[in-house]
Colleague: 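Have a look at this one before I ask anything.
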Amino acid sequence: MFSSPYNASTSAGQTPAVPEGHTIHRHALQQRRELAGHRLATDVVQGRFAASAMTLDGRRLDDVEAWGKHLFQWWEGGEVLHVHLGLYGRWRHQQSPPPPMRGEVRLRLIGPSHTWDLSGATACEVLSPDDRERIIARLGPDPLRSDADPGRFLDRAARSRAPIGTLLLDQAALAGIGNVYRAEVLFLGGIHPHRVARDLTDAERSGLWIEIAHQLRLGLRQGRIVTRRRHELDRPASRVPRSEALYVYHCDICRVCATPIRSTTLAARRLDFCPRCQPRRPRRGHTPPVPPP
DNA sequence: CGATTATGATTAA
DNA sequence: TAATCCTAATCGC
C-alpha cells in the first residue's frame with residue numbers, strides 16, 4: 001500500500017482518534033503523495049463547510065503542509081484550504097473509486113488513486129495565503145518542520161511565569177503538542193508539571209525541546225504514540241499494546257517506580273504525572289527517570 | 001438506547 | 001471557569 005518509513009498499522013485508512021501534531025504531518029505527507037498534482041473532485045460536501053469547499057471542485061491540488069495541528073492544502077489559483085481536526089475530526093482515506101461514505105462526511109476529495117474523507121473537523125475553510133500567514137503567526141515553532149526555530153520556544157519559556165504543563169499545551173509557544181505528549185515528555189524530562197517554566201534550568205528546557213522533537217518524529221514514523229524507550233519493550237513499537245506504550249498518561253502506576261500516578265488540571269485538561277519521578281522541587285543532581293534519547 | 005468519554009480550541013462571562 | 005462545536009466508539013442498562 002504505502003511504503004516506508006511508515007508502519008502498516010495505521011495505514012489502512014483510519015486515522016488515530018484525536019490527533020496531535022504528528023498525525024497532521026502524516027496526513028500532509030500522505031495527501032501530498034496521493035493527491036497533489038492532480039485535479040480533484042469534491043463530492044457530496046454537506047454542512048457548514050459546503051459553500052467554500054465546493055469551489056475547489058475540479059481544481060488541481062498543488063501541495064499540502066502542516067504546522068502543528070493545522071493542515072494547509074495549496075490549491076490551483078493560490079487559495080489555501082485550512083483544516084483543523086479539533087478533538088473529533090478525522091481523515092479517512094481509501095482507494096479510488098471510493099466506497100459509499102460512512103458516518104458524517106463533510107468533505108470528500110477524490111483523486112485518481114485515492115479518496116480522502118473528512119469528518120468532524122473544527123475548521124475547514126478556503127483561505128487566502130494572507131489568511132494562512134495570520135494563522136501561522138499565532139503559532140509557536142513546530143519541531144516537525146525543518147524551518148522550526150527552537151529559540152522562539154526556549155526564549156519564551158525562559159521568561160514565562162506559567163507552569164510548564166500549561167505552556168506545553170499553548171500552541172502559541174510550541175505547536176503540535178497535545179495532552180498525551182504533554183504528560184509523557186514531562187515525565188521523560190523528570191519535570192513536575194506545576195514547575196514554573198522560567199524556573200527550569202536551561203538544560204531542562206532545551207532537553208524538553210529535544211525530547212518533544214524526538215517523540216513527534218517517532219510518532220510520525222510509527223503512526224501512533226509510543227513513548228517508552230525501545231530497550232524497555234520486548235517487541236517492535238508497532239506491536240506494543242496500547243496499555244504498555246506510555247509511561248504515565250492514563251496509567252495507574254508509574255512504569256518506572258510503581259508509585260501511583262497522580263492527576264492535576266492544567267490548561268483545563270487532565271494531566272497525569274509521577275510524583276516521585278517528577279519532583280516538584282528537584283534536588284541537586286536530580287536526573288530524568290529514563291536516560292534521554 | 002442513552003450516557004460517557006476522548007490525544008482540541010475558541011468564545012463568552 | 002463554563003459553554004460550545006464537532007464525531008464515534010464503548011459501556012451499562
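Every chain is numbered from 1, with letters handed out A, B, ... down the list of sequences. This is a predicted model, so every value here is computed, not measured.
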Colleague: Can you tell me how far the CG atom of D117(A) sits from the CZ atom of R92(A), to the nearest 0.5 Å?
Modeller: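 Nearest 0.5 Å value for the CG-CZ distance: 7.0 Å.
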Colleague: Name the one of Q31(A), H93(A), Q95(A), Q94(A) that satisfies side chain to side chain donor-acceptor pair (under 3.5 Å) with H114(A)?
Modeller: Q95(A)
Colleague: How would you list, by chain and number, every residue that makes a side chain to side chain contact (heavy atoms under 4.5 Å, CB included) with A267(A), sequence neighbours excluded?
Modeller: T166(A), L169(A), R182(A)
Colleague: Would you mind reading off the distance between I135(A) atom CD1 and dA9(B) atom C1', rounded to a whole angstrom?
Modeller: 13 Å
Colleague: Separation of E20(A) atom CD from dA9(B) atom C1', in whole Å?
Modeller: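 Atom-to-atom, E20(A) to dA9(B), this comes out as 14 Å.
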Colleague: Do the side chains of L200(A) and R195(A) get nearer than 4.5 Å, heavy atoms only?
Modeller: yes
Colleague: Measure the CD1-CG distance between I110(A) and D43(A) for me, rounded to the nearest 0.5 Å.
Modeller: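 Result: 4.0 Å between the selected atoms.
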Colleague: Rounded to whole angstroms, how far apart are CG on L139(A) and C1' on dG8(B)?
Modeller: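 So the CG-C1' distance, L139(A) to dG8(B), works out to 13 Å.
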Colleague: What residues form a side chain to side chain contact (heavy atoms under 4.5 Å, CB included) with E211(A), not counting sequence neighbours?
Modeller: V185(A), L188(A), H214(A), Q215(A), R229(A), P293(A)
Colleague: What is the minimum heavy-atom distance between G165(A) and L271(A), and which atoms define it?
Modeller: CA-CD1, 4.1 Å
Colleague: Under the side chain to side chain contact (heavy atoms under 4.5 Å, CB included) test, which residues partner R106(A), sequence neighbours left out?
Modeller: Q46(A), F49(A), E104(A)
Colleague: In residues 163-185 of chain A, which residues come under 4.0 Å of DNA chain B by heavy atom?
Modeller: Q171(A), G178(A), N179(A), V180(A)
Colleague: With sequence neighbours left out, what residues match D202(A) under side chain to side chain donor-acceptor pair (under 3.5 Å)?
Modeller: R205(A)
Colleague: Can you sort out the partners of S119(A) under side chain to side chain contact (heavy atoms under 4.5 Å, CB included), two or more places apart, ordered by chain and number?
Modeller: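 Testing S119(A) for side chain to side chain contact (heavy atoms under 4.5 Å, CB included), a comparison that skips the adjacent residues, returns R90(A).
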Colleague: To the nearest Å, how far apart are L271(A) CG and dT7(B) P?
Modeller: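 These atoms are roughly 11 Å apart.
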Colleague: Could you tell me how far dC13(C) sits from dT5(B) if I compare only their P atoms? Round to whole Å.
Modeller: 14 Å
Colleague: Look at D131(A) together with R134(A) and state whether they make a salt bridge at an N to O cut-off of under 4.0 Å.
Modeller: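 Salt bridge: yes.
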Colleague: State the dot-bracket string of DNA chain B. Criteria: Watson-Crick or G-U wobble, both atom distances under 3.5 angstrom; notation: ( ) intrastrand, [ ] crossing earlier pairs, | interstrand, . unpaired.
Modeller: ||||||.|||||.
Colleague: For dG8(B), take OP1 and OP2 only and decide whether either is under 4.0 Å from a side-chain N or O of H84(A).
Modeller: no
Colleague: Is there a donor-acceptor contact under 3.5 Å linking the side chains of E125(A) and H82(A)?
Modeller: yes
Colleague: For the P atoms, the ones on dC1(B) and on dC6(C), what distance do you get once it is rounded to whole angstrom?
Modeller: 23 Å
Colleague: CG of D272(A) versus C1' of dA6(B): gap in Å, rounded?
Modeller: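 Between C1' of dA6(B) and CG of D272(A): 13 Å.
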Colleague: NE2 of H82(A) versus C1' of dG8(B): gap in Å, rounded?
Modeller: 12 Å
Colleague: List every contact pair, protein side and nucleotides 4-6 of chain C side both N or O, where the distance is under 3.5 Å.
Modeller:
residue	atom	partner	partner atom	Å
dC6(C)	N4	Y88(A)	OH	2.6

Colleague: Can you see if the side chain of R269(A) gets near the phosphate of dT7(B) - specifically, an N or O under 4.0 Å from OP1 or OP2?
Modeller: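 Answer yes for this pair, as a side-chain N or O of R269(A) is under 4.0 Å from OP1 or OP2.
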Colleague: Taking the six-membered ring of Y247(A) (Phe, Tyr or Trp), confirm whether the NZ or CZ of R255(A) is under 6.0 Å from its centre and within 45° of its axis.
Modeller: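 No cation-pi geometry.
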Colleague: Going by side chain to side chain donor-acceptor pair (under 3.5 Å), name the residues that satisfy it together with D62(A), two or more places apart in sequence or in a different chain.
Modeller: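 Checked D62(A) against side chain to side chain donor-acceptor pair (under 3.5 Å); matches are R60(A).
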Colleague: Mind checking if R242(A) touches a base, just sugar-phosphate, or nothing, with heavy atoms under 4.0 Å?
Modeller: base
Colleague: Using whole Å, what does the distance between atom C1' of nucleotide dT7(C) and atom CG of L118(A) come to?
Modeller: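 In whole Å, dT7(C) C1' lies 11 Å from L118(A) CG.
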Colleague: Which residues pass the side chain to side chain donor-acceptor pair (under 3.5 Å) test with S96(A), not counting sequence neighbours?
Modeller: T115(A)
Colleague: Below 3.5 Å is the cut-off: list the nitrogen or oxygen pairs between protein and nucleotides 10-13 of chain B, distance only.
Modeller:
none

Colleague: Angle between ring planes, W116(A) versus H27(A), binned at 30° and 60°: parallel, tilted or perpendicular?
Modeller: perpendicular
Colleague: Would you kindly give the CZ-to-P distance between R92(A) and dT7(C), to the nearest whole Å?
Modeller: 13 Å
Colleague: Got a sec? Which of residues 246-266 of chain A come in under 4.0 Å of DNA chain B, heavy atoms?
Modeller: Y249(A), H250(A)
Colleague: If we count only N and O atoms by modelled type, under 3.5 Å, do the side chains of W74(A) and E65(A) hold a donor and an acceptor together?
Modeller: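 The answer is yes; a qualifying pair exists.
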